[in-house]
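A quick write-up on the structure given underneath.
Since we're looking at a predicted model, the values are computed, not measured. The residues of the chain are indexed from 1 along the displayed sequence.
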Amino acid sequence: MKVFICRTIPQKAIDSLQQAGFDITYRTEPGNIDQSDLIEACQKVDYLFAAGHNLLDEKFFNACSHLKGIALMSAGYDSVDLHQATKQGIPVSNTPDVLSNATADIAFLLMLAVSRKAFYMYRKIISDEWKNFELTEHLGIELYGKTLGIFGLGRIGFELARKAKAAYNMNIIYHNRHPNQNATRLLDATYVNYDELLTQSDVLSVHANLSAETKEKFNKDAFKRMKNTAIFINTARGGLHHEQDLYTALKNEEIWGAGLDVTNPEPMNADNPLLNLPNVAVLPHIGSATVEARDNMALMAANNLIALKNQIKMPQILNNEIYENNI
């Protein structure tokens with residue numbers, strides 16, 4: 001059985017696939033592969049190990065309907081047309097859970113960095129502007145006892161809330177499709193509607209999937225509803241916020257600050273005006289960028305393919321209905 005790996009991945013996963021008897025073809029060039037090249041490469045294999053951002057849409061699935069399975073090395077799957085995958089009888093898996101701690105750490109880092117204008121003050125040292133200080137200039141805000149609002153309290157949101165509760169005794173509120181009983185029991189978290197989330201949060205952190213329902217959910221109308229002392233954090237998908245609206249809200253002091261590990265569009269241009277604001281911290285999508293998280297993601301993706309090769313249901317299957325209809 002042949003598998004194409006479209007980007008450099010941890011060696012542990014390659015070793016695991018080879019030990020399982022896969023014939024591996026992999027691309028070592030940096031960056032994401034063009035869809036046309038991806039389609040061409042997939043013509044010669046049975047499975048796809050999809051690392052990085054790959055558009056797996058109707059065009060892809062029509063051209064690669066022979067594939068026996070696709071393993072995503074990511075928790076998010078907004079770039080995959082699951083309906084088309086299921087239509088073509090192709091099971092698709094992802095890698096949830098294993099990056100929750102690492103991504104929650106980045107959200108926590110951004111929350112703290114924004115609250116103390118850390119990135120901006122660091123740039124002052126680099127530009128040789130650290131000469132003196134004034135007692136009332138460039139002041140941050142403290143997080144102790146403030147209200148953390150979570151939009152999408154799943155695994156990552158729960159981990160961030162747990163850290164914030166332990167470190168700063170923050171009051172936790174959240175908005176989900178359905179209440180999270182564990183959050184209520186373990187974190188004393190309160191389920192609120194979307195408008196209450198906007199108006200009550202001192203820090204609002206986004207951890208939802210990107211979908212037609214959530215695309216640019218955080219726009220000018222949402223920012224106007226937030227406190228003018230609030231911090232907005234997004235470590236999920238850049239498409240969840242409208243970037244120009246975010247910039248305008250910050251410039252007009254409708255909200256206090258923002259921390260982003262994802263941008264809209266992505267990657268962000270170096271001349272983006274958000275980067276010059278003192279109360280903004282931006283990172284280049286490094287939420288899962290730890291040795292532990294990437295190793296575990298790669299091994300989980302490999303194990304999904306190994307299960308499929310052994311005619312076992314993929315443990316992290318996304319289109320579960322395929323087993324009911326096609327297997």
Side-chain angles (χ1 to χ4, degrees), residues 1-9 17 22 24-27 29-96 99 152 154 177 208-217 219 236-243 262-267 285 288 297-298 300-302 304-305 307-309 311 313-327:
M1 290 293 180
K2 297 182 178 181
V3 58
F4 176 61
I5 304 174
C6 61
R7 210 161 174 183
T8 302
I9 65 170
L17 289 169
F22 282 92
I24 299 174
T25 302
Y26 50 88
R27 175 177 173 270
E29 292 86 350
N32 292 312
I33 186 172
D34 291 336
Q35 189 186 57
S36 58
D37 293 334
L38 179 61
I39 290 173
E40 181 180 353
C42 285
Q43 300 305 308
K44 307 167 188 175
V45 300
D46 305 292
Y47 302 94
L48 171 63
F49 188 117
H53 181 81
N54 304 283
L55 181 60
L56 307 183
D57 57 5
E58 183 176 6
K59 176 182 177 182
F60 173 85
F61 284 110
N62 284 337
C64 301
S65 59
H66 65 285
L67 288 175
K68 295 179 172 63
I70 297 172
L72 307 176
M73 187 180 150
S74 66
Y77 49 90
D78 50 280
S79 62
V80 182
D81 189 332
L82 289 178
H83 173 74
Q84 290 298 323
T86 303
K87 182 179 177 181
Q88 298 292 355
I90 302 172
V92 181
S93 65
N94 68 334
T95 57
L99 71 167
R177 288 183 178 177
N209 291 324
L210 179 61
S211 65
E213 180 185 355
T214 61
K215 183 178 180 181
E216 297 186 347
K217 181 85 170 176
N219 51 31
R237 285 289 186 268
L240 287 159
H241 69 259
H242 189 290
E243 205 141 287
V262 290
T263 60
N264 184 19
E266 192 171 300
H285 205 153
S288 65
M297 291 168 69
M300 181 177 284
N304 275 304
L305 290 183
L308 197 57
K309 178 178 179 289
Q311 297 184 326
K313 179 180 177 181
M314 286 174 134
Q316 283 76 37
I317 186 72
L318 286 170
N319 50 344
N320 191 58
E321 63 271 24
I322 204 165
Y323 287 96
E324 302 170 4
N325 299 334
N326 297 292
I327 294 180

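A distance of 9.5 Å separates NZ of K87 from CG of D81, quoted to the nearest 0.5 Å. In this structure, the separation between CG on L17 and CZ on F49 is 6.5 Å, given to the nearest 0.5 Å. One finds the NZ atom of K2 at 7.0 Å from the OG1 atom of T25 (value rounded to the nearest 0.5 Å). Taking CD of E216 as the start and CD of E243 as the end, the distance is 9.5 Å to the nearest 0.5 Å. How far CG of L318 is from CG of N94: 4.0 Å, rounded to the nearest 0.5 Å. Atoms OG and OH, on S211 and Y77 in that order, are 9.0 Å from each other to the nearest 0.5 Å.
Remark: side-chain polar atoms of H66 are paired, donor with acceptor, to backbone N or O of C42 under 3.5 angstrom. Looking only at distances, no side-chain donor or acceptor of N264 sits under 3.5 Å from a matching main-chain atom of H242. With hydrogens and angles ignored, the 3.5 Å screen pairs a side-chain donor or acceptor of T95 with a backbone N or O of S74. In this structure, E266 contributes its side chain and T263 its backbone to a donor-acceptor pair below 3.5 Å. Using modelled atom types, one side-chain atom of T214 and one backbone atom of N209 make a donor-acceptor pair closer than 3.5 Å. Judged purely by atom type and a 3.5 angstrom limit, N319 uses its side chain to pair as donor or acceptor with the backbone of V92.
Residues C6 and L38 form a side-chain contact, since some pair of their non-hydrogen atoms from C-beta on lies under 4.5 Å apart. The closest side-chain heavy-atom distance from I39 to F60 is below 4.5 Å. Considering only heavy atoms from C-beta on, F22 stays 4.5 Å or farther from I5 through its side chain. Between R7 and I33, every side-chain heavy-atom pair lies at or beyond the 4.5 Å cut-off. Between Q88 and C64 there is no side-chain heavy-atom pair separated by less than 4.5 Å. Under the 4.5 Å side-chain criterion, counting only non-hydrogen atoms from C-beta, F4 is in contact with R27. At least one side-chain heavy atom of L72 sits less than 4.5 Å from a side-chain heavy atom of V80. Taking 4.5 Å as the limit, some side-chain heavy atom of Y323 sits within range of a side-chain heavy atom of P91.
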*asked:* I'd like to know whether N219 forms a side-chain contact (heavy atoms from CB on, under 4.5 Å) with H241, so could you lay out the CA-CA distance, the side-chain angles of the two residues, the decisive distance to 0.1 Å, and finally the verdict.
replied: CA-CA 6 Å; N219 51 31; H241 69 259; over 6 Å; no
*Before giving the answer on side-chain contact (heavy atoms from CB on, under 4.5 Å), spell out for I24 and V3 the whole-Å C-alpha distance, their side-chain angles and the decisive distance to 0.1 Å.*
CA-CA 5 Å; I24 299 174; V3 58; 3.8 Å; yes
*Could you walk me through whether T8 and Y26 pass the side-chain contact (heavy atoms from CB on, under 4.5 Å) check?*
CA-CA 7 Å; T8 302; Y26 50 88; over 6 Å; no
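Each salt bridge (charged side-chain N to carboxylate O under 4.0 Å, His left out) pair with one or both residues in residues 61-78, not counting sequence neighbours, appears once here: D46-K68, D78-R237. For residues 47-59, every residue pair satisfying the side chain to side chain donor-acceptor pair (under 3.5 Å) rule, not counting sequence neighbours, is listed here: Q35-D57.
What you find for A208 and L240 is that their closest heavy atoms are O-CD1, 3.5 Å. A pairwise comparison of heavy atoms in A50 and I70 identifies CB-CG2, 4.3 Å as the closest pair. Minimum interatomic distance between Q43 and A63 (heavy atoms only, all atoms of both residues): NE2-O, 3.0 Å. In this structure, A71 and L305 approach most closely via the heavy-atom pair CB-CG, 3.6 Å. The shortest heavy-atom contact between I9 and A51 is CG2-CB, 4.0 Å.
Crowding of E29 atom CD: a count of heavy atoms from other residues, nucleotides or ligands under 6.0 Å exceeding 12. Atom NZ of K309 sits in a crowded spot, with more than 12 heavy atoms from other residues, nucleotides or ligands closer than 6.0 Å.
At a cut-off of 3.5 Å, with distance as the only test, a side-chain donor of Q316 or N304 sits close to an acceptor on the other residue.
For K313, the side chain to side chain donor-acceptor pair (under 3.5 Å) partners two or more places apart in sequence, or in a different chain, are N320.
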